[in-house]
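Structure, as structure tokens:
Nothing here was measured: the structure is a model prediction, and the numbers come from that model. The basis for the numbers below is simple: all heavy atoms, side chains too, and nothing from hydrogens, waters or symmetry mates. Residues take their numbers from the sequence shown, with the count starting at 1.
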Amino acid sequence: EDDGALQSLERAADLAPDNALVWAHLAELHLASGYLKKSAAAAEKAISLTPRLSRTQIVFGFSALVRVDLNGAKEAFTQAIRLDSADPMARLGLALALIRAGDLEAGRAELEIAAGLNPNSAIIRSYLGKAFFDERQETDAEKQYTIAKSLDANDPTPFFYNAILKQTTNRPVEALQDVEQSIALNDNRAVYRSSLLLDQDLA
């Protein structure tokens, strides 16, 4: 299915080489498939065509993030926020870049803004929970995981992160149950962080 979508977008890029959104979509699919060089090239093409479009900046930012170009990622996400301050994905991207750069508090603050902009996003809630956990705020972390599970029962990410929390708070049976659930769900949907290659652990 992904190969078919890639082929369709590549044909669209051939037919409309000046369409920045086509190149942005192509960059996203290459990124999700793990084709980092192709994703970077498509993202650079999109941003060269329409640099003042939030979507192209966001795609470029995620492409830079997975290549561990943290300065490039932060610059792109910051520009995306300037262009569209209501886009939660720009906040999510900036948060991840900040956290990877070691600024956990600033990253968590951006995640809280993202959650405010899109309170129904399970993945944002999962990452916010993980940030709270990293700050040793276990109660706030578990609250976010619970919300994420209720928003998207098919997403393995909150189950995986909640299992880590429960293991560290000496609840091994509950932790095992969440791990097993995350594994079962991962057959249906890749964990978001893995599809973006942002973390290397497996659920």
Side-chain angles (χ1 to χ4, degrees), residues 31 58 61-78 80-81 85-186 188-203:
L31 189 62
I58 290 171
F62 277 112
S63 177
L65 188 58
V66 298
R67 290 181 281 112
V68 201
D69 175 8
L70 300 183
N71 288 332
K74 285 188 283 187
E75 183 179 338
F77 291 128
T78 299
I81 291 167
S85 61
D87 193 325
M89 289 303 291
R91 298 285 182 174
L92 171 62
L94 180 58
L96 295 174
L98 289 167
I99 290 170
R100 291 198 66 175
D103 196 344
L104 178 58
E105 184 178 354
R108 188 255 304 146
E110 290 294 336
L111 284 168
E112 288 184 296
I113 295 172
L117 291 170
N118 186 2
N120 295 321
S121 169
I123 191 58
I124 291 174
R125 295 287 187 174
S126 291
Y127 274 115
L128 179 55
K130 187 175 187 293
F132 277 130
F133 173 76
D134 289 341
E135 290 183 315
R136 302 183 184 279
Q137 300 184 54
E138 286 88 358
T139 300
D140 288 331
E142 188 149 23
K143 178 181 177 181
Q144 295 301 320
Y145 297 147
T146 299
I147 294 172
K149 291 176 184 177
S150 69
L151 290 170
D152 188 352
N154 292 318
D155 185 353
T157 311
F159 291 94
F160 177 73
Y161 287 151
N162 206 14
I164 296 172
L165 183 152
K166 289 174 179 176
Q167 180 65 30
T168 59
T169 54
N170 199 28
R171 294 148 67 189
V173 174
E174 293 179 55
L176 179 60
Q177 291 171 342
D178 272 350
V179 166
E180 289 175 342
Q181 182 67 5
S182 74
I183 292 171
L185 291 172
N186 207 37
N188 302 320
R189 179 180 303 179
V191 177
Y192 190 77
R193 64 179 190 286
S194 297
S195 69
L196 284 179
L197 306 178
L198 297 177
D199 292 316
Q200 296 303 315
D201 52 310
L202 297 177

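Between Phe159 and Tyr145, the ring centre distance reaches or exceeds 6.0 Å.
Closest heavy-atom contact between Ala115 and Ile124: N-CG2, 3.7 Å. Nearest heavy atoms, Ala86 versus Pro88: O-CD, 3.2 Å. When every heavy atom of Ile99 is checked against every heavy atom of Gly107, the shortest pair comes out as CG1-CA, 3.8 Å. Closest non-hydrogen pair, Ala122 versus Asp155, comes out as CB-OD2, 4.4 Å. Taking every heavy atom of both residues into account, Ala73 and Gly61 meet most closely at CB-O, 3.5 Å. Nearest heavy-atom pair, Ser126 versus Thr157, reported as atom, atom and distance to 0.1 Å: CB-CG2, 3.9 Å.
Side-chain atoms of Arg125 do not come within 3.5 Å of backbone N or O of Asn120 as any donor-acceptor pair.
Looking at Phe62 and Leu96, their side chains come closer than 4.5 Å, going by heavy atoms from C-beta outward. No side-chain heavy atom of Thr169 sits under 4.5 Å from any side-chain heavy atom of Glu142. Looking only at side-chain heavy atoms (C-beta outward), Arg171 and Leu165 come within less than 4.5 Å of each other. Side-chain atoms of Arg91 and Leu111, non-hydrogen and from C-beta on, never get closer than 4.5 Å to each other. Using a 4.5 Å cut-off on side-chain heavy atoms (C-beta onward), Asn118 and Met89 make no contact. In this structure, the side chains of Phe133 and Thr168 come closer than 4.5 Å at one or more pairs of heavy atoms.
Here Gln144 contributes atom CD and Glu112 contributes atom CD; the two are 8.0 Å apart, rounded to the nearest 0.5 Å. To the nearest 0.5 Å, atoms CD (Glu110) and OH (Tyr127) are separated by 15.5 Å. Once rounded to the nearest 0.5 Å, the distance linking CG of Leu117 with OG of Ser85 reads 7.5 Å. The CZ atom of Arg108 sits 12.0 Å away from the CG atom of Leu98 when rounded to the nearest 0.5 Å. To the nearest 0.5 Å, the span separating CG on Leu128 from CG on Leu92 amounts to 10.5 Å. Once rounded to the nearest 0.5 Å, the distance linking CD1 of Ile113 with CD1 of Ile81 reads 7.5 Å.
For the salt bridge (charged side-chain N to carboxylate O under 4.0 Å, His left out) test, no residue two or more places apart in sequence or in another chain qualifies with Glu75.
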